[in-house]
Each structure stands twice: as C-alpha cells, then as structure tokens.
Amino acid sequence: MQGEHVTAQVRETGEIPLSRSASWQRTVWCGDLRAEHAGQQVVLNGWVAHRRDHGGLIFVDLRDRSGIVQVVFDPQIDAEAFRVAESLRAEYVVAVTGLVRRRAPGMANPKLATGEIEVEGHKLEVLSKAKTPPFPLDRPLQVDENLRLRYRYLDLRRPEMQAGLILRHRLAQRARQYLNARGFLEIETPMLTRSTPEGARDFLVPSRLNPGTFYALPQSPQLFKQLLVMGGLERYYQIVRCFRDEDLRADRQPEFTQIDIEMSFPTREDVLQLAEGLMAELLDEAGIEVKRPFPRLSYKEAMLRYGSDKPDLRFGLEIQDVSDLFEQSSVQVFARAVATGGVVRALVLPGGKELSRRELDELVELAPRWGVPGLIWIIVEESGLRSPVVKYMSEGEQIALRERLRAKTGDLICMMAGAEGKVAPAMGRLRLHLAEKRNLIPASRWEFLWVLDFPLLEWNEEERRLQAVHHPFTSPVEEDLELLESEPLKVRANAYDMVLNGVELGGGSIRNHRRDVQERLFALLGIGPEEAQEKFGFLLEALEYGAPPHGGIAFGFDRVVMLLAGKETIRDVIAFPKTQSGTDPLTGAPAAVDPRQLAELHIICHG
RNA sequence: GGAGCCGUGGUGUAGCGGUCUAACACACCUGCCUGUCACGCAGGAGAUCGCGGGUUCGAUUCCCGUCGGCUCCGCCA
C-alpha cells in the first residue's frame, strides 16, 4: 500500500514527501499530522466530516482512516479553493493541497490528536460528491441496526467501527506471529466438505456434477485438522471461517471465525499452556495484562459454585449446597427435594435487604422461566430471619443456615430446591440476574478460567440417546475408559473450555487416536459399524496408519475481538454481519435464484 | 418453535382515545457571519404515525393479525 509507505516515511523521518505520481494523491494521512510537521506542504485525501462556514472563512474537518485534521479555507489565501470549499457537503471525497501550520495560541483543540495544527488549504479538488447520509456518522450511534446494515459502507466509515476492525486485524496478526514462532503452520482446509451426523445443522451446497448429492460447509475444520496431524504436519493452525445453520444471537452468526489449532504428541497441559500464552499475547495487543496461570475449575465445581459451565468470575455471589441441613426439615419443598435425591442450594446477596417486596416477588416469578418451580427468599434481620417460609424452619435450621452461608444482617438469601440438573443452572441464572440488577459486574476486569473434566457424554432426552458433550472425537480420560459401556455418563472427557468474563472463548480436547476407542464411542452415540464406516470410514482408516496422539483447541475469534473492543455483539466487529433472521439487508441475501440455476443443480423447490 | 421489547419527517425521540392541522433535537435547504471545531444567528422545506383488519361517533393512541429489527429460551457436537 502506498499509504503505508507514506506513513512509514513520515514516522521515521518526520519528512512528508512532496508529491505522489498524481498531483491529487495523498502525501500524508490526516491523523498523522503533528506540530513537528508545521511548515511542510501536504496533499490530503479523505472525506468531509464537517464543514463550518463562517462566511469569510471555512473550516473543514477532513477524515481518513487514520483520523481527522482541520483544514482552513481563506479567500485571501486562495480564492478558488475557498469557492470550491463553499460547495462542500458532508461525505464529499476530496483532495486538499496545503500547508501545515501551528494553530495560534489558544486555538488548539485538545479533543483532536491533530489539534495542535491545522492545514491551510491552497487547492481543493472534489473527487466524489455524496448524497446526505441516511444517518449521522459523527456521534455516538443510536440508529436502527437494519439501517446500519443496509448502508454498511457508511456505518463502516465511523471511527468506532474502524477501530473494531483495526483491532481485529492486529489481533489476527498477533495470533499468527505467536503461532508461527512456535512451529505452527497455517494450512487451509476445504470449504466444500461432507455433511456428518452430530453437531449443528449444516449449510448444504448442491453438487451440479453429482445429481442429488450435497457438500456441506464446515462447522469447523475438526476432521481435517486431525487428518493434517495424522499427515505428519505436526502443528497446524488456521484463522478460518466456520458455518452453522442455527438460530442467531448477539454472540452467534451463521458464519464466524475460529482460531483453530491442532498439534501432535501434546499433553493436555501443553495445549492449555499454549492457549494461555496465545490469549495473554492477544490481550497484550489490546493493552491488557493478564494473570497466569488461569484458574481451573472442574465442570462439576463450576456447576455447583456458579451454576454454569462458563462462569463469570468478575463478581462473587457464589452458590452453596445446603441440602444436608434440610434432610429432616418441615419445609416440605426442601425435605422432599433431598428425599428424592435432589439438592437445596443457596446464595447470599450482601445488602439484599434493600430489595422491595415487589422486587422479591419478581424474583419468585422469574424462577419458572429459569426452569424451577420456585424460589425462596430470606432476609437476615437483626432480630432473626424474615421470610414466608421461616415459620416452618426450626430454630436449629435457621442458625445452621446462617452459619453455613456466613450471612450477615441486611443480607438476602435466595434458595432453590429440586433435581440438581434443574437447580444448578437456575441458580446460575439467578446469580447473573442479581449481579446485573445490582451492578456488581466490574467492566474493566478480565477474569479467565479453564473448565476441565467435562463429562464425555450426556443424555439427550428428546432423541432418547447419548450424545457427545464436546464432539465425538474427544477422548475419554484414561482411568474412566473401563466405565465407557457400563456407566457412560460418568466418563470424563479429555476436554477443556476457556472462559473469559462469562463468555465461552474456546474449547478443545485431546482426541482419540486409537481406532478401537473411537469405534466404541461411535457405538455409544448410536452410530453403528455400518454408518460409522460409511460416514467416518476415512477417519477410522487413518487411525490405522500410524496416527500420533494429538489434540488442540479452537477459539471464537469474533468473541475475542468483541470483548477486547468493548462491544456487546460480534456484529460490531464483523464487517458484513447478518441480522437475527440470517439476512443481509445490504445485498438482500438470501434471495431466490433463477429456475435455470435450480434445474442445473437438479433441485426442485416446494412452497 | 416460543417469550419479551421496539417500529411516528432523513436520524433519534415525545405524544398513548378528540385543539394532532402531530411536538422537540439533530440533519437538510436558503440567507447572514473571519477562528470555529457537535460553530452561531434568521428563515424554510420535510411525516398518508411499518402494513392489514377490528373496536369506537372518532385510532398515531385500544385489540387482533402480519412484516421488520433487537434481546432471550429452545437450538448451537
């Protein structure tokens, strides 16, 4: 890029080149100008951000990717340039030739990086006129997102949007640099691949050459990266687009980007260290220092203490088990829960006495939406506990509860009882709800953690079968291997998830490199020998030709950028994202196609 | 598949059964203005209140449906 060269020269020598090959081409970027450049002749290219017309003097804020600089047009300096400046409007694209000069004392603008100087306009050329933009580009944004997406090229001119994409670029480069330095090779994998059972819904691509058959876009390059290490490439990475045809969320798009990593002969520890190092590097790029090693929690402990497999550790409100205190209780919901193998869990909101009766009732009403029938609140008063249920609780239970929870006067205790699988996540929701409501989440903290020892399998009630928690290629923990057929739900996986501030950033595992184990897993997942052979035969076969032990991890790159850019949705760090209904208002995708195209693809559409 | 919130000049909002002939700010247009930087001043133009139906003497306002956006649940190995 010529512009980059311009910048390099300016930064290294402070000298701005006199000209480019064409007279209107920039010799320096707007945002690079400083007091040291005063007295130098420059040519600027950019967009008119603002025009302030004082009648006899016109100020123009000229914007390019690097920033904004003020250009002054004075009829006594150049009458022709002044005349052209009078015709300028917002977003006109111009070339300005002029002289950098220090602003008069008291005239500097501390809000601008270039505020010490301004450019005296000598020549002004309009390269491109512009209609009035449909929404303002110069102030904190509050515009319907549909409109922003329809005019994405305008939205992208906003410095805030550019900052997100620039950070994204820098993070991607830093990741590559880190992995390159550790012997990882960036290798591309197919976008047109085969659909496999398990996992998310695939996007399908019809094959013209093979009527009635379809490619699938990859949900991730999982199998290919395993085949690459089996192919002896040892260390692989890719910053790669992945596709999943599921419903969208603020942090989920149908196409998204992963930093995908796989290596040969690693221990779990090797992968964790590599991943921590990578994240530390990326946060450093964003000017954030992180504490290492990252704390680790087992899945079980995470569910107990935080009611989530991706706990937000920026605040407390830890959940505690109090089942044992209520085995014999006259509080029926508690006693019955314990008697039927369930649990009683509690958390303390310090100072929660401030909540109004109305707010407490609201919590009770929310409980069913979190999947449990109810919630019991107890306020710790100086005189004792106050709660609708307190009359059923014995003196001993009250004392034991307070001591166990270390609840102080003025605190609120929230409790739920029932099956552990229901209560734990509901308590997790409650914990997040209270933290948000009470503003307990500090914005500028960066709390990483690893969640380890996930179960390998879980029961899918709807399909009445076992399914992989992570994916079917994850290996079981060695000691648990013998339980695989007898007690499959107790088998732990060699898997790990990295969490930052309650957001799942990435996950991975040590894979199966033994065919027999992989086949046993397929069998448990209800994939019989024939189906396994048909759909995964290539993998099973590869496992027989000297597959090294291997494992890796993949990060949701959009989420990393989102968090580091301080955004609330990954759409703000993706140049051209889709709406929640999966459409692109800019291009109109998805759209109907010509019947001839369908015919060629051997496709007939219904409805 | 489900729940919630939103939809009013170009943008963001106010109005929540009748002086609404729809208000305000910004943007836009015209004029004035030589030190502004979200310039200022004066004037002007610009809206079938997302769409369809219903209730009512009367609907931007209430109800139902529908479309679109967002948030969430389900879903996302």
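Protein chains get the first letters and strands the later ones, always in sequence-line order, with residue 1 at the start of each. From a predicted model like this one, the values you see are computed outputs, not experimental measurements.
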Q: Under 4.0 Å, counting only non-hydrogen atoms across every strand here, what does A:D61 touch: a base, just sugar-phosphate, or nothing?
A: sugar-phosphate
Q: For A:R252, is there an ion pair with A:D247 - N to carboxylate O distance below 4.0 angstrom?
A: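 Looking at A:D247 and A:R252, the cut-off is not met.
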Q: Given the structure, check if the side chain of A:D247 and the base of B:rG74 hold any donor-acceptor pair shorter than 3.5 Å.
A: yes
Q: Roughly how many Å is it from CD in A:E246 to C1' in B:rC75, rounded to a whole number?
A: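 It is 5 Å, rounded to the nearest whole Å.
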Q: Look at the aromatic rings of A:H54 and A:F59 and report parallel, tilted or perpendicular, splitting at 30° and 60°.
A: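 If you compare the ring of A:H54 with that of A:F59, the planes turn out perpendicular.
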Q: Measure the distance between the ring centre of A:F59 and the centre of the six-membered base ring of B:rU36, then answer whether it is under 5.5 Å with planes under 30°.
A: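 According to the criterion (under 5.5 Å, under 30°), yes, A:F59 stacks.
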Q: Quick one: side chains of residues 364-375 of chain A, donor-acceptor pairs under 3.5 Å with protein atoms, not counting sequence neighbours, listed by atom name and distance.
A:
none

Q: Check the interface with nucleotides 27-29 of chain B: list each N/O to N/O pair with the protein under 3.5 Å, or write none.
A:
from   : atom 1 : to    : atom 2 : distance (Å)
B:rC29 : OP1    : A:R89 : NE     : 2.7

Q: Under 6.0 Å from the six-membered ring centre of A:Y151 and within 45° of its axis: does the NZ or CZ of A:R157 meet both?
A: no
Q: Between A:S475 and A:N494, do the side chains contain a donor N or O and an acceptor N or O under 3.5 Å apart?
A: yes
Q: Determine the contact category for A:L147: base if any of its heavy atoms lies under 4.0 Å from a base atom, sugar-phosphate if only primed atoms, P, OP1 or OP2 are that close, otherwise nothing.
A: sugar-phosphate
Q: Report yes or no: is there a donor-acceptor pair, N or O only, under 3.5 Å between the side chain of A:Q142 and the base of B:rU11?
A: no
Q: Taking B:rC6 as the reference, what is the distance to B:rC16 when you measure between their C1' atoms (whole Å, please)?
A: 15 Å
Q: Do the side chains of A:F135 and A:L137 get nearer than 4.5 Å, heavy atoms only?
A: yes
Q: Heavy atoms only, 4.0 Å cut-off, all strands: where does A:P472 land among base, sugar-phosphate and nothing?
A: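 Base, at least one base atom sits under 4.0 Å.
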Q: Just call it for A:T196: base, sugar-phosphate, or nothing, with non-hydrogen atoms closer than 4.0 Å on any strand.
A: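 Answer is nothing: A:T196 stays at 4.0 Å or more from every strand.
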Q: Within the 3.5 Å criterion, strictly below it, is a donor on A:R511 or A:S509 matched to an acceptor on the partner's side chain?
A: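 Side-chain D/A pair, A:R511 to A:S509: present.
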Q: Starting the side chain at C-beta, find the nucleotide from B:rG69, B:rU11, B:rC73 nearest to A:E145.
A: B:rG69
Q: What contact category does A:D53 fall into here, base, sugar-phosphate, or nothing, at under 4.0 angstrom with non-hydrogen atoms?
A: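 Base, at least one base heavy atom under 4.0 Å.
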Q: Would you call A:P221 and A:Q258 a side-chain contact if the rule is heavy atoms closer than 4.5 Å?
A: yes
Q: Over all strands shown, is A:R429 touching base, sugar-phosphate only, or nothing at heavy-atom distances under 4.0 angstrom?
A: sugar-phosphate
Q: Going by centres under 5.5 angstrom and planes under 30 degrees, do the aromatic ring of A:H54 and the base ring of B:rU36 stack?
A: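 No, A:H54 does not stack on the base of B:rU36.
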Q: Is A:R52 close enough to B:rU36 that one of its side-chain N or O atoms is under 4.0 Å from OP1 or OP2 there?
A: no
Q: Between A:R148 and A:D155, does at least one N-O distance fall below 4.0 Å, as a salt bridge requires?
A: yes
Q: Kindly say whether, by distance alone, the side chain of A:R244 makes a donor-acceptor pair under 3.5 Å with the base of B:rC75?
A: no
Q: I'd like to know if the side chain of A:H550 pairs up with that of A:Q226 as donor and acceptor (distance under 3.5 Å, no hydrogens or angles considered).
A: yes
Q: If you take any heavy atom closer than 4.0 Å to RNA chain B, which residues from residues 97-105 of chain A end up in contact?
A: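 By residue number: A:R101, A:R103.
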Q: Please give, in whole Å, the distance from B:rU8 P to A:D144 CG?
A: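 Value for this atom pair: 8 Å.
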Q: With both distances under 3.5 angstrom, what nucleotide forms a Watson-Crick or G-U wobble pair with B:rC33?
A: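 Checking every strand shown, B:rC33 finds no partner, since no pair has both distances under 3.5 Å.
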Q: Output the single nucleotide from B:rC70, B:rU36, B:rC73 whose closest atom is nearest the side chain of A:E118.
A: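 The answer is B:rU36, which lies nearest to the side chain.
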Q: Does A:Y237 have its ring centroid less than 6.0 Å away from the ring centroid of A:F555?
A: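 Here the rings of A:F555 and A:Y237 have centres that are no less than 6.0 Å from each other.
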Q: Tell which nucleotide pairs with B:rU71, taking only Watson-Crick or G-U wobble pairs whose two distances are both under 3.5 angstrom.
A: B:rA3
Q: Counting side-chain heavy atoms from CB outward, which of B:rG69, B:rU11, B:rC70 is closest to A:T583?
A: B:rG69
Q: Would you say B:rC75 has OP1 or OP2 under 4.0 Å from some side-chain N or O of A:R249?
A: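 Answer is no, no contact under 4.0 Å.
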Q: Assess the side chains of A:D260 and A:Y236: does a donor N or O sit below 3.5 Å from an acceptor N or O?
A: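 Short answer, yes.
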Q: Taking any strand in view, what nucleotide pairs with B:rA25 in a Watson-Crick or G-U wobble way, both distances under 3.5 Å?
A: B:rU11
Q: Heavy-atom distance under 4.5 Å between the side chains of A:R244 and A:F256, does that happen here?
A: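 Side-chain contact under 4.5 Å: yes.
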Q: Roughly how many Å is it from CG in A:N146 to C1' in B:rC6, rounded to a whole number?
A: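 Result: 13 Å.
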Q: Could you state the atom-to-atom distance from CD of A:E436 to P of B:rC72 in whole Å?
A: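 From A:E436 CD to B:rC72 P: 10 Å.
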Q: Go through B:rC37, B:rC76, B:rG69 for me and flag the one nearest to the A:T579 side chain.
A: B:rG69
Q: Please give, in whole Å, the distance from B:rU36 P to A:I117 CD1?
A: 17 Å
Q: Closest to the A:L57 side chain: B:rU34, B:rC37, B:rG74?
A: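 It is B:rU34.
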Q: Heavy-atom nearest nucleotide on RNA chain B for A:G56 versus A:F135: which residue maps closer to 5'?
A: A:F135
Q: For B:rC20, which nucleotide is its Watson-Crick or G-U wobble mate, given both distances must be under 3.5 Å?
A: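 The base-pairing partner of B:rC20, which may sit in any strand shown, does not exist here.
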Q: From the set B:rC37, B:rG69, B:rC39, return the single nucleotide nearest to any side-chain atom of A:H50.
A: B:rC39
Q: Taking for each residue the nucleotide of RNA chain B bearing the nearest heavy atom, is the 5' side occupied by A:F473 or by A:T569?
A: A:T569
Q: Base, sugar-phosphate or nothing for A:Q76? Non-hydrogen atoms, less than 4.0 Å.
A: base
Q: Strictly by Watson-Crick or wobble contacts shorter than 3.5 Å, is anything paired with B:rG46, and which nucleotide is it?
A: none
Q: Between atom CD in A:Q580 and atom P in B:rG2, what is the gap in whole Å?
A: 14 Å
Q: I'd like to know if A:R150 reaches the base of B:rG68 with its side chain such that a donor and an acceptor end up less than 3.5 angstrom apart.
A: no
